[in-house]
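Take a look at the structure set out below.
Heads up: numbering here begins at 1 and tracks the sequence.
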Amino acid sequence: MKQTALIVCLFFVTLGLALWALGVFHAETPAPIEVAPPVTPTPAAMGDGDLSGNDAEPKEEPTPEIPEFPGPVRVLLLADSHRSFTAWLEQLWSFVPAIQWQAWHTKAAPEGVVTHSASAPALVNAPLGPDLESVSVLVLAGFDPTSMPAEFWSRVADRVKSGSLGVLVIADNQFAFRTGAEPSLASILPVKGVRAVAPTMPGSADLAGVYASAAALRATDAGTTHPATRLTSWPGWSRKMWDQQAGKDADGRWSTKFCAAVDGPVEGATVLVEVEAGPTRAPAIVIHDSPTRRVMWVGGFFDVEDPAYRGTKSIERIRAMFLSWISALAGGKK
């Protein structure tokens with residue numbers, strides 16, 4: 001018995017050390033980057049027209065496209081704590097005056113941290129009532145759903161099904177499983193079978209969603225053209241940009257060592273981005289964008305590797321995509 005207990009203890013010590021080495025327990029992601037305000041793209045040099053008289057794709061790489069916001073969009077961010085990734089989201093949103101955002105953290109944000117845009121009031125209490133009713137897009141970024149009562153999530157699901165609310169779930173290692181297990185959220189999520197960070201089989205050192213080395217984030221064919229993840233409306237260039245960001249030698253490579261494991265998309269949902277680890281691919285960004293369900297599941301980006309925070313091209317492209325997430329979930333242009 002003592003020998004068995006010793007073996008079990010050694011396994012869990014090894015498991016903990018492996019998770020720590022992979023950064024799964026890290027409370028902080030790389031510090032927010034300094035981002036210049038977006039500029040209006042200038043037309044690139046055009047190639048020859050095709051036989052139908054349409055313009056061909058530009059010969060020169062186009063500027064990543066920032067979506068248009070014809071009217072105000074109220075965004076509510078819920079997070080367990082203020083982390084660098086959420087600060088980065090808020091910084092990018094602040095460049096677009098139409099995005100009126102508020103943040104609520106389970107653990108109070110450090111003194112001096114801005115928790116709302118200039119055009120929106122600060123939240124004094126948890127957004128359980130009218131604060132939710134005025135929201136266009138709800139963002140869950142590493143948030144424990146048990147921090148809110150079941151009635152809150154029931155109201156979220158009702159509003160999603162009525163077409164009046166979009167939901168963005170940015171899944172992390174701590175709360176992805178609980179998010180998938182919350183009944184009202186499970187009824188609207190575009191993925192099924194969200195798994196906990198645990199051994200893939202008894203006694204295995206492999207953990208669901210954890211990769212031994214950084215795995216690339218690569219767009220599917222649908223992802224290169226969908227308004228939520230395309231980097232430009234030119235499909236050829238969008239594919240090139242995504243392939244560049246997934247390349248091993250990319251300037252600011254988009255990769256991750258963790259992406260919440262799921263069984264796959266639900267009926268009617270579309271996989272836009274996958275985690276690519278050798279021959280294995282797993283859903284990373286999945287969207288359901290019907291009139292009665294505008295919900296997106298984003299895995300991998302919460303724990304994106306540090307190079308993504310560096311390099312001008314990476315910053316410009318990721319800014320365009322993060323803003324496109326909000327536009328698509330608010331019911332923006334297709």
When rounded to the nearest 0.5 angstrom, what is the spacing between CG in L231 and NZ in K240? 13.5 Å
Of all pairs that satisfy ring-ring contact (aromatic ring centres under 6.0 Å, His included), the ones with a partner from residues 105-130, not counting sequence neighbours: H82-H105
So, T229 side chain and L272 main chain: donor-acceptor pair closer than 3.5 Å or not? no
Please enumerate all residues that pass side chain to side chain donor-acceptor pair (under 3.5 Å) together with T115, with sequence neighbours excluded. none
Strictly distance-based, threshold 3.5 Å: is any side-chain N or O of W153 a donor or acceptor partner for the main-chain N or O of P145? yes
Distance only, no hydrogens: is a donor on one side chain within 3.5 Å (strictly under) of an acceptor on the other, for S94 and W101? yes
What pair of heavy atoms forms the shortest contact from G299 to L217, and how long is it? O-CD2, 4.2 Å
Check the pair Q245, R253 against side-chain hydrogen bond (donor to acceptor under 3.5 Å, both in side chains), reporting the backbone distance first and the verdict last. CA-CA 5 Å; Q245 293 307 139; R253 185 176 187 243; over 6 Å; no
Sequence neighbours left out, what passes ring-ring contact (aromatic ring centres under 6.0 Å, His included) with W325? Give chain and number order. F301, F322
Residues two or more places apart in sequence or in another chain: which of them pass salt bridge (Lys or Arg N to Asp or Glu O under 4.0 Å) with D80? K107
Taking it one step at a time, do T256 and E305 satisfy side-chain hydrogen bond (donor to acceptor under 3.5 Å, both in side chains)? CA-CA 5 Å; T256 184; E305 292 288 286; 5.5 Å; no
From L89 atom CG to I170 atom CD1, the distance as rounded to the nearest 0.5 Å: 4.5 Å
Got a donor-acceptor contact below 3.5 angstrom from the E57 side chain to the G236 backbone? yes
For the side chain of Q102 and the backbone of P121, is there at least one donor-acceptor N/O pair under 3.5 Å apart? yes
For residues 118-132, which residue pairs qualify under side chain to side chain donor-acceptor pair (under 3.5 Å), counting only residues two or more places apart or in two chains? S117-S119
Side-chain (S324) to main-chain (A320) donor-acceptor, under 3.5 angstrom: yes
Under 3.5 Å, side chain of R293 to main-chain N/O of L189, donor-acceptor pair present? yes
Kindly determine whether W297 and V194 satisfy side-chain contact (heavy atoms from CB on, under 4.5 Å), including the steps that lead there. CA-CA 11 Å; W297 173 274; V194 183; 3.9 Å; yes
Sequence neighbours left out, what passes salt bridge (Lys or Arg N to Asp or Glu O under 4.0 Å) with K161? Give chain and number order. none
Keeping the roles fixed (side chain from S204, backbone from T200), state whether a donor-acceptor pair exists under 3.5 Å. no
Give a yes or no answer on whether the side chain of R159 reaches the backbone of L132 with a donor-acceptor pair at less than 3.5 Å. yes
Near F177 CZ, under 6.0 Å, is it more than 12 heavy atoms from other residues, nucleotides or ligands? no
Any salt bridge (Lys or Arg N to Asp or Glu O under 4.0 Å) pairs touching residues 111-120, not counting sequence neighbours? none
What residues form a salt bridge (Lys or Arg N to Asp or Glu O under 4.0 Å) with R281, not counting sequence neighbours? E274, E276
Please collect all salt bridge (Lys or Arg N to Asp or Glu O under 4.0 Å) contacts where either partner lies in residues 178-201, sequence neighbours excluded, each pair once. D144-R178, R195-D263
Quick one: list whatever passes side-chain contact (heavy atoms from CB on, under 4.5 Å) with A186, sequence neighbours left out. none
Sequence-distant partners of R74, salt bridge (Lys or Arg N to Asp or Glu O under 4.0 Å), two or more places apart: none
Using the side-chain contact (heavy atoms from CB on, under 4.5 Å) criterion, which residues pair with A277? Sequence neighbours excluded. Y211, A215
For V160 and R294 the tightest heavy-atom approach is CG1-N, 4.3 Å
Does P235 offer a backbone N or O that forms a donor-acceptor pair with the side chain of S238 under 3.5 Å? no
